[in-house]
S.K.: 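Have a look at the structure that comes next, please.
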Amino acid sequence: MNVAVYLFGVLGGMATLNHPSEAVSSSEAVRLNQLGYYPKQEKVAVVNDGVVQEFTVADAVTGNKVYSGKPGYTASSPWSNKKRTILDFSEVTTPGTYVLIAAGDTVPFEIKERVLSPLADAALKSFYYQRTATPIEERYAGKWNRPSAHPDNHVLIHPSAAGPERAAGTVISSPKGWYDAGDYNKYIVNSAYSIGLMQAVYRLFPDYFAAQQVNIPESGNHTPDLLDEMHYNLSWMLTMQDPADGGVYHKLTTPQFEGFIKPIECKQPRYVVQKSVTAALDYAASMAQASRLFAPYEQDYPGFSKQALESAERAYAWAEAHPQAFYRQNTLNKEYQPAVVTGAYGDGSAGDEFFWAASELYFATGKNAYREMVLKNIPKEYSPAGWGNTAGLGVFAWIQPGKELTGEDLKMVETLKNMLLDYAEKSVQNAGNSPFHAPYGNDAKDFYWGCLSEKCANQAISLVYAYQLTGKHLYLTNAYRNMDYLLGRNATGYCYVTGFGTKTPLYPHHRLAASDGIEAPIPGFLVGGPNPGRQDHVTYPSQLPDEAYADVEESYASNEIAINWSASLVALAASLDALSIMK
Ligand code: 9MR
Ligand code: 9MR
C-alpha cells in the first residue's frame, strides 16, 4: 500500500481516536498503548507474534520517518508458542501524532503532555453515570442522559436485618449512592472500599484533584469534584446504619438480579440485608477518612465531617461487639425469606478491615484504643488492596497520616513502608524481560474475575506509592507499564476501558448501557478482564489465561464493569497524570 495514502486514512482515525476505525490497525500485529505516551515516558510496543528485523516510526502528518530502530528482546508466552518482540521507541520525545510500522502493521499513536488526563476525568465521571435516585441530565451526560430511577425511599428491612426498633418489613428510606456494577444493587463493602481507595489517592495529589473538573452537578462549588462524587455515595451510606445500635447493613438489594431492563422499569422490592462486621468496618474506615478530608469543606457540606466521624465510631464499636457477624449468604438463605442471591461480597476474616478502620480512626481521633487494635492486626506482608482485603488501604493511611508521627508510631510506619517496598521490589524484578514488558500478566494467577483492577491497576498504584517513598524511577516506570497493558499492550489487543482506544469493549455486562438504546457503551469504565475461570459459561475466543476475555454482554465474568474497578482507574490514571506535571 502507498504509505502516503495509508497515512491519510490513519489521520482520519486519529481525529476520532475514541472510536474504533477500520482504517486503523488492520492486522493487530503490533500492540501499544492506544491512548498514547507522555513525552518523557518509556515508549514500548510489542509485536504480538513473531520476530521482526526492524521497525519505523513516522510522523502521521508528513509521513516523514522520525525513527527507525532494531527490535529489543523476544520472549515467549508462558501459555502458547507466541513470541513477543519488544519495540522500544522511547527516543522519540516530541509531542505529535505518529504511526509505528512493523510486521506488516501500521499503528497510530500519540505523544502528548497530559495524555492520561481525559482518562482520569472519564473514570471519575463514570461514577456520575452510576448515580441512583437522581436524573442524569443531558448537560452533564450528553446522550447518556436518563430519568431518575431507584429512589429507594421505600426499602424493606429483610428478616435477617431485623432489630429491636426495626421489625422485619419495616419501611426505611435509603436514597442516593451508586449502582454497584452491571447490576442495580448497592453494596456497602464494595462502595466503601472504592471510596477508600480514591480518597487515599486524593491525599497523595490534593492539588491535582483541586484543579480537576469533570462536569458534574457540583462542579461549580468549593469542593473538589472527586470529593463531591464521594459524598454522593457517603450520604447513602449514612442511611445504611441502624440508628438503634450503629451496625451497618451489608447491602441494599433486590432478592434476585433484575433483567437487562431500564432502571425505571425495575419493579422488584428492595431490601436492606443483615448487618455485617465487614460492612461496619469498611464503613467506619471510609467515613473516618472522609471526616478528615471534608473538614475544609463545611461551606458545601455543613456538619458532614463531624457526623461522619461520630457514625464511624459507632459502626466500629458495633463491629468490635460483633466480630463474628460475617455475611454468609447461603446460611442466611436457609434461615430467612425471601432468599437473596445477588452479589455476596462475602469474607470470612475481618483482621484486614479492623486494621484499616482502626488506622483511620486512630488518625482521626488520636485515641489509643484504636492504635492497639492496629497493632493486633498488622498484615504479615503487603499486597494490593481489593474489596475483600483492605489492609493495603491501612498501609496507605500510615504512609500519608496527615500529621507528624513520633515514637512507636515512627517504628510502625517504617515496618509498613518496608513491607510495601519489598512488594514493589519483587513486582518489578522480571518486568523488563517479560512478553508485554510489564510487571503484570506473567503468571496464570494474574487472571481472574476483576483482575485488571485488583491486580494490574492496584499493583501499579502500589508502585506509585513506592515511588513516592523512594524516588526510585523504576517503580514509576513499571506503574506506567501496567497502564500500557490496560490500554492495549496486551495479548488481546484491547484497550480495556469503554469509550477509549481503537479496539475497545463495545458490549460490557452493564444493565444501564444495555438498556439505554444508545449504541456506544457509557464511557470511562474498566472491564473485569481476562478470566479463564469463565464462571459465566460463555464461550470465549480463547482459553489462554491472558486471552480469556469475551466482549459480549452475557460475559459477567470477563466483561462486567464495576465501581471498584473504576476506582482503580481513577486512582491510577490520576496518579500518573499528576506525576507527569510534578516532575
Ligand atoms: O448480572 C449479574 C452480575 O451483575 C453479577 O456480577 C453476576 C454474578 O453474581 O451475576 C449476574 O447475573 C446473572 C446471574 O448470576 C445468573 N443468571 C444470569 C444473570 C446475568 O444475566
Ligand atoms: O468483584 C467481585 C469478584 O471479586 C467476585 O469474584 C465475584 C463473584 O462473587 O463478584 C464480583 O462482584 C460482583 C458483585 O458480586 C455483584 N455486582 C457485580 C460485581 C462485579 O462483577
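In this chain, residues are counted from 1 in sequence order. Whatever order the structure lists ligands and atoms in, that order sets their numbers, starting from 1.
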S.K.: Counting heavy atoms only, which part of Trp565 comes closer than 4.0 Å to ligand 2: side chain, backbone, both or neither?
M.R.: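 Side chain only.
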S.K.: Between the side chain of Ser566 and the main-chain N/O of Phe525, is any donor-acceptor distance below 3.5 Å?
M.R.: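 No; judged by distance alone, with no hydrogens or angles, the pair does not exist.
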S.K.: Among protein heavy atoms, which sits nearest to atom 15 (O) of ligand 2, and what does the distance come to when rounded to 0.1 Å?
M.R.: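 Protein heavy atom at minimum distance: Gly343 CA, 3.1 Å.
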S.K.: Look at the side chain of Gln34 and the backbone N and O of Gly488, then say whether any donor-acceptor pair between them is shorter than 3.5 Å.
M.R.: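 No, because the side chain of Gln34 does not come within donor-acceptor range (under 3.5 Å) of the backbone of Gly488.
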S.K.: What residue and heavy atom of the protein are closest to atom 17 (N) of ligand 2, and at what distance?
M.R.: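 Heavy-atom neighbour on the protein nearest atom 17 (N) of ligand 2: Asp180 OD2, 2.9 Å.
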S.K.: Check ligand 1 against Arg511 and write out every atom of the ligand that is under 4.0 Å from a heavy-atom position of the residue.
M.R.: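 Those of ligand 1 that fall under 4.0 Å from Arg511 are 1 (O), 2 (C), 4 (O).
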S.K.: Tell me, which protein residue and heavy-atom name are nearest atom 13 (C) of ligand 2, and how many Å apart are they?
M.R.: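 The closest one turns out to be Tyr345 OH, 3.6 Å.
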S.K.: So, Glu320 and Lys376, do they make that salt bridge, N to O below 4.0 Å?
M.R.: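 Here Glu320 does not pair with Lys376 in a salt bridge, since their nearest N and O are not under 4.0 Å apart.
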S.K.: Any donor-acceptor pair under 3.5 Å linking the side chain of Ser453 with the backbone of Gly528?
M.R.: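 Not at all, since once roles are kept as given, no pair shorter than 3.5 Å links the two residues.
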S.K.: Considering only heavy atoms of Trp387, which atoms of ligand 2 have at least one such atom less than 4.0 Å away?
M.R.: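 Answer for ligand 2: 1 (O), 2 (C), 3 (C), 4 (O).
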S.K.: Pull out every atom of ligand 1 sitting under 4.0 Å from any heavy atom of Glu560, numbered as shown with elements.
M.R.: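 Close to Glu560: 3 (C), 4 (O), 5 (C), 6 (O).
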S.K.: Looking at Tyr507, I want to see if its OH is surrounded by more than 12 non-hydrogen atoms of other residues, nucleotides or ligands under 6.0 Å.
M.R.: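 No, OH of Tyr507 has 12 or fewer neighbouring heavy atoms, counting only those of other groups under 6.0 Å.
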S.K.: Which one of Asp347, Val277, Val189 satisfies the side chain to side chain contact (heavy atoms under 4.5 Å, CB included) criterion with Glu353?
M.R.: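 Of Asp347, Val277, Val189, side chain to side chain contact (heavy atoms under 4.5 Å, CB included) with Glu353 is met by Asp347 alone.
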S.K.: Test of understanding: given a 4.0 Å heavy-atom threshold, classify the contact between Tyr448 and ligand 2 as side chain, backbone, both, or neither.
M.R.: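 No part of Tyr448 is near ligand 2 at this cut-off.
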S.K.: Among all protein heavy atoms, pick out the one at the shortest distance from atom 18 (C) of ligand 1; state its residue, atom name and that distance to 0.1 Å.
M.R.: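 Sorting protein heavy atoms by distance from atom 18 (C) of ligand 1 puts Tyr556 CE2, 4.4 Å first.
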S.K.: Is any side-chain heavy atom of His150 closer than 4.5 Å to one of Arg270?
M.R.: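 Touching, per the 4.5 Å side-chain cut-off.
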S.K.: Tell me which part of Trp449 gets within contact of ligand 1: side chain, backbone, both or neither, using heavy atoms under 4.0 Å.
M.R.: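 It is the side chain that gets close, since no backbone atom is under 4.0 Å.
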S.K.: For atom 4 (O) of ligand 1, decide whether some protein heavy-atom distance is shorter than 4.0 Å.
M.R.: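 Yes, because at least one protein heavy atom sits under 4.0 Å from atom 4 (O) of ligand 1.
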S.K.: Determine whether more than 12 heavy atoms belonging to other residues, nucleotides or ligands lie under 6.0 Å from atom CD of Glu519.
M.R.: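 No, CD of Glu519 has 12 or fewer neighbouring heavy atoms, counting only those of other groups under 6.0 Å.
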S.K.: Give the atoms of ligand 1, by number and element, whose distance to some non-hydrogen atom of Asp183 is under 4.0 Å.
M.R.: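 Within the 4.0 Å cut-off of Asp183, ligand 1 contributes 4 (O).
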S.K.: Any luck finding a side-chain donor-acceptor pair between Ser191 and Trp178 under 3.5 Å?
M.R.: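 On atom types as modelled, these side chains do not qualify, holding no pair under 3.5 Å.
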S.K.: For Gln535, which part has a heavy atom under 4.0 Å from ligand 1: side chain, backbone, both, or neither?
M.R.: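 The answer is neither; Gln535 stays 4.0 Å or more away.
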S.K.: Which residue supplies the protein heavy atom nearest to atom 14 (C) of ligand 1, what is that atom called, and how far is it?
M.R.: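 Closest protein heavy atom to atom 14 (C) of ligand 1: Phe257 CD1, 4.1 Å.
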S.K.: Please work out which of His509, Gln256, Glu554 has its closest non-hydrogen atom nearest to atom 20 (C) of ligand 1.
M.R.: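 Checking each option, the heavy atom nearest atom 20 (C) of ligand 1 is found in His509.
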S.K.: Could you tell me the separation between the CG atom of Asp551 and the CG atom of Asn559, rounded to the nearest 0.5 Å?
M.R.: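 Here the interatomic distance stands at 5.0 Å.
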